[in-house]
Amino acid sequence: MKNIQILIFLLCGAFAFNSCELDNYEAPGASLSGAIIDNQTGESVQSDIISGTKIELIEHGYENPSIQQIVVKVDGTYRDDMMFAGEYSIIPLRRGNFVPMTDTMIVNIEGETVKNFEVQPYIRILDPNITIDGTKITATFRLEQTVENEVDQIGLFGHRSPAVGEPLQLGKKSKNIRDVVDPTEVFELVMDVRTDRDFVRGEAYHFRIGAIIDVEEAEYNYAPAVRLTIPDTEE
Amino acid sequence: MKLYKLLFTASLVLLFFGCEDVLELEPTNKLPAEALFSKPEGVKLYMANLYYQLPVEDFNYIHRTQDGYTFNWNGTNPNNGGFVQAMHTDIAMHSEFAAGLSQDNWGGWWDDGYKLIRDVNTLIKVIPDLDINEQDRALLVGETAFIRAYAYFALAKRYGGIPLIKEAQVYTTDVESLKVPRSTEAETWNFVLEECQKAADNLLPGDGSQRRATKFAALALKSRAALHAASVAKFWNEAPLSGEAVEKNLVGMDASLADGFYQQCIQASEAIMNSGTFSLFRPNPSSPEEAAENYRQLFENPNGAPEEAIFIKGSAIIGNDHTANNYEIWYNPNQLANGWPHPGRYNPTLEWADMFEVYSNPGVSTKLNTVVDGNEDYEGFDAARDYINYDTPHDVYIGKDARLWGSAILPGTEWKNTIITIQAGFIEPDGTPKLLQGGSITVNGEKYYTYGSASASEHSGFNPAGGNHTRTGMGFKKFLQEEIDVNPAWNQGTLDFMDFRYAEILLNYAEAVVESGQGDQNMAKKAINDIRKRAGHTTEIELSIENVLRERTVELCFENKRFYDLIRRRIFDELFNVKSRHALLPVLDLREDPPKYIMVRDVVPRSDPKTFEPKWYYRRIPGTGSNGLVQNPLY
């Protein structure tokens, strides 16, 4: 009788210790980082957090892999520190504020992998300048477009967050252009927040200049955000 | 030890002989298909279950998905927070919570959709073999086609092109053979419309009182589905998407297909309009007041309007029978909660009220008039501005379309023999504003409260207590029953829901005519003007797309139509681009003697702006890892 019990115990033990083999994967220890870079200026391309640029990857070695996404930060850089090491395909970046890429890239991720993407942004915002006078915020800039399509709209956006942009703003001033622009033309947008209760006197906000091209699924191109404080008292 | 040997042998004996008959026995708690379908009662029973599963966007439908439910969500847990689909659009707000625009699984209907399709396909398969006469057989063919068309329409408007499973699949272990790839979006809509026509050809005429599919219910479904398909084709380029699903035409359609779909909408609508079976309920009111009451009664008792109701989903039994609803407890104003802890949740917005015409200025939306200079913005109270003084907090609404009065409880009006107090604050005699906060003041011996009365249970607006007070300045009325006191318990409402009514068919027709230039312009113009006449208008307006869309929004408001109107016409992303919704604050102005009311336009208190992402024009397909389907763009 005792023998049987021992035998049963041993059998149970054997099952208990052998069944977990498949779960013992390594934790994701590799990282992938880099930036979306303007192929002419070498600067990173500013974008939005909300429906902005995304990098889509497919990890090889599975039968039905699903697409993984990395959201690119506002300043055009990105970083994911929880990647499984291995071989990945990167789907050509196509939705964004630059001419869609066409070639699928294969990248082998191990350790700290850096991958930059050179793109041609639809619009470059030149000499951006934002000043504040009382409750009036004035933006001046020039535009250089890199494709033949028309520039659809320009805008000045304000929000507490430095990720300010067309989808994340408390106040905006936009203007329809619907035309091809001359790179020497200076645009000016003036936003007055005097009656807008979202902008509290004496507090700091971020302002950002943007322009969008008339191309399907295109997103805004931006200049870097500028932090300004709304003066306490009115003149 | 001998004993063990014996036991061992005995169990071996049992092991090899014990199962002789057990595996051959028919289970007694399950009915085999042949037995169920061999009697007409069995078929009827089965049909009742199919109707229950029908994705009707009624009182028990929410755009969110809770506990896996989108339709019939009260099946397990009736507490859906009091959300309705309209709160995700521009026409309404929830009094307490943010109705976020979308999450990937919200409003989805995939597993349940294909379950209904499998169930109806099982019945379709046996129809030719049933022992019934040919007339009953034709009716069954029509009714099952109606249910299948309804199910595929609900799937197509959410997911675009989908796998079309036209015959019952037999289970096999070879899973690969059961997988069906997605059809294109155009093929899917064509299949939906073919099924509608098949249903219409086989069913008999009838009205909504039958509470089941008729020839006209099938044509109404066709009218609605064809208009949706036509709109997607026509407006796809307003918010184009890209990716594999688009390249394979699984979502999106060429604009050239629009006219064909509009034509089908026109034909189906005309068949109903020319049938002589339907007309508008009480089409000639003598005054706007009468029109408002007529309109309200149409929804309070749809069975009293057989001339307008085309298809009614009935509800009879209170309690957990899965058809009773909770509109009475969720949406009556706070003052009438009758002990229920969470009333007042459905708040019509200022945008919605602004949309209506005034009788003196037909053909345009006229904003409610709050300031003397007429510059109606949404910037809240500004002491420097000159506000119009009103004697009551609802005088500002006088002259507005009767349907506004019939659909919303306005501040200071009577509902269920109670004056509903909705007040957002007061302006002190020295000009200090006290808005959206508790407080009182005594002026000339009279005590005034910011919210209109001392106790939170004695008013119905703007007090943040419990989220039970409207925060837009209006309460919800359209589907509430005036004669019934709130019974403070779950699933007590048995109001029937008009899924299709004649006014929608007229509006579908008018929109299809305007958008495509096909059909009869005069008949379309008459259609929208008949609806306006029923609402107390006496001046005709022209047939234009603006007029048709405004009529559609105000006539069908809160009937779960607005959301998919914004989807199919691809205006959601344009309308909801960091969009705040707005409130009209009735404020007592104590600078005047006697005090007057001023109305302040403002952003809805405690609310955040919302943005609609274009990918939400289609929902995420679940389980693409195992079902092998192409996923929709950007998921």
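To find a chain, count down the sequence lines: A is the first, B the second, and so on, and within it residues start at 1. When reading the values below, keep in mind they use all heavy atoms of this one structure, side chains included, and skip hydrogens, waters and symmetry mates.
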Item to check | Engaged part of B:Asn237 at the chain A interface, taking heavy atoms whose separation is under 4.5 Å | outcome: side chain

Checklist entry - Which atoms of B:Ser242 come close to chain A, meaning under 4.5 Å heavy atom to heavy atom: side chain ones, backbone ones, both, or neither? => result both

Checklist entry - Can you check whether B:Phe612 and B:Phe572 have ring centres sitting under 6.0 Å from each other? => result yes

Checklist entry - Are A:His60 and A:Tyr88 an aromatic pair by the rule of ring centers under 6.0 Å? => result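 So the answer is no for these two rings.
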
Checklist entry - Among B:Val600, B:Ile598, B:Thr432, whose side-chain contact (heavy atoms from CB on, under 4.5 Å) with B:Ile427 holds? => result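 Answer to the side-chain contact (heavy atoms from CB on, under 4.5 Å) test with B:Ile427 among B:Val600, B:Ile598, B:Thr432: B:Ile598.
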
Item to check | Distance-only polar pair, side chains of B:Asn632 and B:Tyr617, donor-acceptor under 3.5 Å | outcome: no

Item to check | Parallel, tilted or perpendicular: ring planes of A:Tyr205 versus A:Phe207, cut at 30 and 60 degrees | outcome: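 A:Tyr205 vs A:Phe207 ring planes: tilted.
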
Item to check | Quiz item: cation-pi between B:Arg619 and B:Tyr159, 6.0 Å / 45° | outcome: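 Geometry flag: not set, cation outside 6.0 Å or 45°.
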
Checklist outcome for this item: Which of A:Gln169, A:Lys172, A:Glu166 passes side-chain hydrogen bond (donor to acceptor under 3.5 Å, both in side chains) with B:Asn577? Answer is A:Glu166

Checklist entry - Listed by residue number, which members of residues 147-160 of chain A have a heavy atom under 4.5 Å from any heavy atom of chain B? => result none

Next on the checklist: Under a 4.5 Å cutoff for heavy-atom pairs, which residue among B:Pro614, B:Gly628, B:Ser580, B:Gly243 has the most contacts with chain A?
Outcome noted: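 Greatest number of close heavy-atom pairs with chain A: B:Gly243.
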
